[in-house]
Amino acid sequence: MAGLYLSELTLSHFRSHLGARLALDPRPVAIFGPNGAGKTNMIEAVSLFSPGRGLRRSSAGDMARRPEALGWKITGILHSLHQVHEVEIWSEQGAARQVRIDGKAATQLALGRIARVLWLVPSMDRLWIEGAEGRRRFLDRMTMSFTPDHAEAVLAYEKAMRERNRLLKDQVRDGHWYVALERQMAEAGAQIHANRQAALVQLAEAQGAAETAFPAAELELQQSEGAMPEIAGDLRDALSEGRFRDLAAGRTLVGPHRTDLYGVYAAKGVPARDCSTGEQKALLVSLILANARALARDFGAPPLLLLDEVAAHLDATRRAALYDEICALGAQAWMTGTGPELFAELGDRAQYLEVTDEAGTSRTAQTGGA
Ligand SMILES: Nc1ncnc2c1ncn2[C@@H]1O[C@H](COP(=O)(O)OP(=O)(O)OP(=O)(O)O)[C@@H](O)[C@H]1O
Ligand SMILES: [Mg+2]
């Protein structure tokens with residue numbers, strides 16, 4: 001069947017998992033077990049099927065199982081539309097993770113073209129009230145799901161900005177050193193902005209297109225000060241004109257790294273940051289689902305969804321609505337919760353994993369549900 005899902009997943013020496021081998025079908029995966037059993041570790045492994053640092057933003061070294069800490073490996077059979085890929089992801093001796101697709105060395109960016117992965121984790125409960133960085137990251141992950149090349153633009157921009165910031169810190173005043181870096185930043189920066197804007201349009205359309213139990217969010221990009229020059233030439237001019245100001249600050253003060261994602265609970269007209277905790281969470285769920293709907297239409301399949309402890313925070317009605325939506329979309333959503341009863345409404349629409357801790361080692365059993 002067409003879609004996007006893992007039909008096999010193995011973990012070796014990945015955090016608390018010494019070895020796990022799972023045979024899966026396209027249905028959602030409900031993972032249950034006590035605190036500390038290794039549930040989040042399991043979906044963190046799945047999050048590495050997309051570019052970036054995964055859902056904990058950990059280094060590859062931190063993911064190696066202690067005390068050995070030699071390295072780890074994840075393999076998966078990934079069904080992506082009408083193709084099936086064998087994916088290997090591993091890290092040795094704390095080095096950056098490596099990827100092989102169908103036996104050939106590949107980049108994380110190449111993985112981003114065949115897999116799309118989105119997640120909600122408990123730390124994102126504070127997304128609307130904390131700093132702009134977390135919101136930007138959330139936005140960029142959604143943007144990447146629509147435009148995998150977005151990851152490349154972000155990397156190019158950050159690399160050039162790091163070098164420019166080093167010049168600023170060293171109080172280099174000779175313009176020669178800046179010109180090429182600012183041109184790279186302007187080109188990547190304008191691309192980043194355009195990709196983000198396009199993602200917001202897709203999300204708005206997808207939210208408008210379906211009646212759901214989750215409240216729609218109106219989203220808008222805001223700049224910390226002034227306006228973001230949207231055209232590469234304008235951004236390049238703004239960077240070169242801002243050099244003296246940036247020299248004083250010791251860093252770059254204009255560009256897409258200063259963009260914030262502003263959200264409003266549409267039905268009430270209340271800014272997301274002023275909403276209740278439950279409402280803030282519901283807005284995130286709403287956006288993830290809208291993103292999944294848009295991808296189902298555009299890419300041809302909904303993304304892999306990783307929902308860590310989302311079920312426990314929703315009331316029974318919204319929980320049932322979430323499950324219905326996930327099943328209607330046909331998404332392989334990986335969901336965690338402490339007990340099987342949290343997934344009762346799913347019944348045999350899902351497959352179940354029970355994770356337990358045995359003296360510091362996670363054991364995973366494929367079982368029935370509640
Ligand atoms: N690199 C590592 N090597 C070995 N164990 C690790 C490593 N990193 C984390 N752990 C352990 O993995 C265990 C399980 O963590 P995990 O976050 O997956 O639990 P969980 O099942 O999601 O629990 P909760 O319900 O509390 O969220 C923790 O006890 C943690 O100490
Ligand atoms: Mg957890």
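Indexing begins at 1, ligand by ligand and atom by atom, following the structure's order.
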One finds that the ligand 1 atoms under 4.0 Å from a non-hydrogen atom of Pro34 are 21 (O)
Mark up the atoms of ligand 1 that fall under 4.0 Å of a heavy atom belonging to Ala64, in ascending order.
-> 1 (N), 2 (C), 3 (N)
Identity and separation of the nearest protein heavy atom to atom 7 (C) of ligand 1 | Arg66 NH2, 3.5 Å
Within the structure, does Gly33 bring an N/O atom to less than 3.5 angstrom of an N/O atom in ligand 1?
-> no
So, for atom 20 (P) of ligand 1, does the protein have a heavy atom nearer than 4.0 Å?
-> yes
With heavy atoms of Thr40 as the reference, note each atom of ligand 1 found under 4.0 Å away.
-> 17 (O), 18 (O), 20 (P), 22 (O), 27 (O)
Using a cut-off of 6.0 Å, state whether more than 12 heavy atoms not belonging to Arg245 lie near its atom CZ.
-> yes
Take the angle between the ring planes of His79 and Tyr5 and call it parallel below 30°, perpendicular above 60°, tilted in between.
-> parallel
For atom 26 (O) of ligand 1, the closest protein heavy atom turns out to be Asn35 ND2, 3.2 Å
Enumerated ligand 1 atoms positioned under 4.0 Å from heavy atoms of Asp62 | 1 (N)
Among all protein heavy atoms, pick out the one at the shortest distance from atom 8 (N) of ligand 1; state its residue, atom name and that distance to 0.1 Å.
-> Arg15 NH1, 3.3 Å
Give the atoms of ligand 1, by number and element, whose distance to some non-hydrogen atom of Glu309 is under 4.0 Å.
-> 27 (O)
Phe343 vs Tyr323 aromatic rings, parallel, tilted or perpendicular, using cut-offs 30° and 60°?
-> tilted
Can you see which heavy atom on Arg15 is nearest to which on Ser58, and at what distance?
-> NH2-OG, 2.8 Å
What residue and atom, counting heavy atoms only, is the protein's closest point to atom 28 (C) of ligand 1, and at what distance?
-> Gly36 O, 4.1 Å
Are Arg65 and Thr361 linked by a side-chain donor-acceptor pair shorter than 3.5 Å?
-> yes
Do Gln223 and Thr259 get their side chains close enough for a donor-acceptor pair, meaning under 3.5 Å?
-> yes
Give the single entry among Met63, Arg56, Lys39 that approaches atom 17 (O) of ligand 1 most closely by any heavy atom.
-> Arg56
Subset of ligand 1 atoms that lie under 4.0 Å from at least one heavy atom of Arg65 = 3 (N)
Phe32 side, atom CZ; Glu354 side, atom CD - distance, nearest 0.5 Å | 4.0 Å
Among protein heavy atoms, which lies nearest atom 15 (O) of ligand 1, and at what distance?
-> Asn41 ND2, 3.4 Å
N/O/S from Thr40 sitting under 2.8 Å away from the Mg ion (ligand 2) = yes
Once you round to the nearest 0.5 Å, how far does CG of Asp308 lie from CD of Glu44?
-> 10.0 Å
Are any non-hydrogen side-chain atoms of Leu239 and Thr252 less than 4.5 angstrom apart?
-> yes
Between Phe49 and Leu111 the two heavy atoms that sit nearest each other are O-CG, 3.3 Å
Flag atom 30 (C) of ligand 1 as yes if some protein heavy-atom distance to it falls below 4.0 Å, otherwise no.
-> no
